[in-house]
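In what follows, chains are A, B, ... by sequence order, proteins preceding strands, each numbered from 1. Scope of the values below: all heavy atoms of this structure, side chains included, with no hydrogens, waters or symmetry mates.
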There are 2 protein chains.
Amino acid sequence: MPHCHTYLKKLRDHGYRITPQREMIVHIIAHSGRHMSAEEVMEKTREKTSSMNIATVYRTLDLLVENGLATRIDLGNGKTAYATGEHGPHVHLVCRHCGSVTEITESDISASLDKIEDIYDFNCRPYHFSVHGLCRNCRDTNTD
Amino acid sequence: MPHCHTYLKKLRDHGYRITPQREMIVHIIAHSGRHMSAEEVMEKTREKTSSMNIATVYRTLDLLVENGLATRIDLGNGKTAYATGEHGPHVHLVCRHCGSVTEITESDISASLDKIEDIYDFNCRPYHFSVHGLCRNCRDTNTD
DNA sequence: TCCTTTGATGCGAACCTTCGCAACAAGCAA
DNA sequence: TTGCTTGTTGCGAAGGTTCGCATCAAAGGA
Ligand SMILES: [Mn+2]
Ligand SMILES: [Mn+2]
Ligand SMILES: [Zn+2]
Ligand SMILES: [Zn+2]
């Protein structure tokens, strides 16, 4: 269950040091199974300790993303969200007008992502990103 | 050629006021035909006048996006980029490791976007967004 | 043209995220 | 276990973006 150790091992294998801060941050986000902002992770650590710095949270989350262990996503609310593989592959439709966020199954778009993989040799798995546009409601009310 | 007037007319039709600031900003980004950051637009206005505020630039660009007249995109360099329809529909592949940006034709992914349109009734045209992942080079060197 | 209404601007503060650097400590070798 | 090396942390500052509010001016009517 705790995939934390897998993540931590990968970091160690890549030559990064395992610090108490990193262990705690990885534990929190991997076990949550959802999107978390840096500030949310920060608050969660405060339940256990007071020795955590927001810059360290950002740096650790960025480290996970950089190594393919987490994804960064813009849900249009002004703050970046992070999630590990536990969160599963899917795409978010973010309405630029009302801000509504719809989750769509990755299979609805997998054909194109496979194409990107084949043609451009670009790896975007696990599929987790957002497409910003207009939801049905907002398109109906706006007479563009 | 100057689609500026079309953009400005749409804003006016939507009930927004046309100010010198908005005219200048729309003119700059529409004629550039490329991605521009808020700061780049700001600098460009300084060639003509000194009465421009960065908050106004952000507000105007956001207004264009909100009304479907421009797109906002994250090219992974720490600052948001904006572009009007003149920039054309396409998708950017942004490598999370080396930061390289590859432009792919919209047709390579249009099937999936049509699907999103059909199934979820969500409008994401003109297609202009980025997918963050790993380019070939960075995947080869990193033994994940 | 002049006035009124109300949306837009300018400005500083606040918010989110990144950066530089000195102090600290993980990992490793002896 | 001890000490060294060097990656990591904490902290304050800076960069990018948003927000609140007083002032200003676009738009439309008299
Ligand atoms: Mn998600
Ligand atoms: Mn582009
Ligand atoms: Zn909407
Ligand atoms: Zn790369």
Trainee: What residues form a side chain to side chain donor-acceptor pair (under 3.5 Å) with Ser51(B), not counting sequence neighbours?
Mentor: Thr49(B)
Trainee: If we ignore hydrogens and angles and just use 3.5 Å, is the side chain of His132(B) paired with the main-chain N or O of Asp74(B) as donor and acceptor?
Mentor: yes
Trainee: Heavy atoms, side chains only, cut-off 4.5 Å: are Leu134(A) and Arg96(A) in contact?
Mentor: yes
Trainee: What is the separation between atom OH on Tyr16(B) and atom P on dT5(C), rounded to the nearest whole Å?
Mentor: 23 Å
Trainee: Phosphate oxygens OP1/OP2 of dG27(C): is one of them under 4.0 Å from a side-chain N or O of Arg12(A)?
Mentor: yes
Trainee: Measure the distance from CE on Met52(B) to P on dG10(C) and round it to the nearest whole Å.
Mentor: 7 Å
Trainee: Between Ile18(B) and Thr60(A), which residue's closest nucleotide on DNA chain D lies nearer the 5′ terminus?
Mentor: Thr60(A)
Trainee: Verify, without hydrogens or angle tests, whether Arg22(B) (side chain) and Arg17(B) (backbone) share a donor-acceptor contact under 3.5 angstrom.
Mentor: yes
Trainee: If you check every side-chain atom of Arg22(A), which of dA8(C), dT9(C), dT9(D) has the closest atom?
Mentor: dT9(D)
Trainee: Please tell me if Asn53(A) has a side-chain N or O lying less than 4.0 Å from either OP1 or OP2 of dC11(D).
Mentor: yes
Trainee: How close or far is atom C1' of dA27(D) from atom CD of Glu23(B), stated in whole angstroms?
Mentor: 14 Å
Trainee: Please report, rounded to the nearest Å, how far the C1' atom of dT18(C) is from the CG atom of Leu61(A).
Mentor: 14 Å
Trainee: Check this one for me: any side-chain N or O of Gln21(A) less than 4.0 Å away from OP1 or OP2 of dG10(D)?
Mentor: yes
Trainee: Would you say the side-chain atoms of Tyr7(A) and Asn67(A) include a donor-acceptor pair closer than 3.5 Å?
Mentor: no
Trainee: Taking for each residue the nucleotide of DNA chain C bearing the nearest heavy atom, is the 5' side occupied by Thr19(A) or by Ser51(B)?
Mentor: Ser51(B)
Trainee: Met24(B) CE to dA8(C) P: how many Å, rounded?
Mentor: 18 Å
Trainee: After noting the C-alpha distance and the side-chain angles of Thr71(A) and Ile73(A), does the key distance pass the side chain to side chain contact (heavy atoms under 4.5 Å, CB included) rule?
Mentor: CA-CA 6 Å; Thr71(A) 52; Ile73(A) 194 167; 5.6 Å; no
Trainee: Spell out protein contact along nucleotides 15-25 of chain D as letters: B when the base is contacted, S when just the sugar-phosphate is, - when no protein heavy atom is under 4.0 Å; keep the 5' to 3' order.
Mentor: -SSBBB----B
Trainee: Measure NE2/His14(A) against P/dG7(D) and give the value in whole Å, please.
Mentor: 16 Å
Trainee: Would you kindly give the CG-to-C1' distance between Leu11(A) and dT9(D), to the nearest whole Å?
Mentor: 16 Å
Trainee: Can you check the Asp74(B) CG to dT17(C) P distance for me, whole Å?
Mentor: 12 Å
Trainee: Is it the case that Glu86(A) and Thr84(A) place a side-chain donor and acceptor less than 3.5 Å from each other?
Mentor: yes
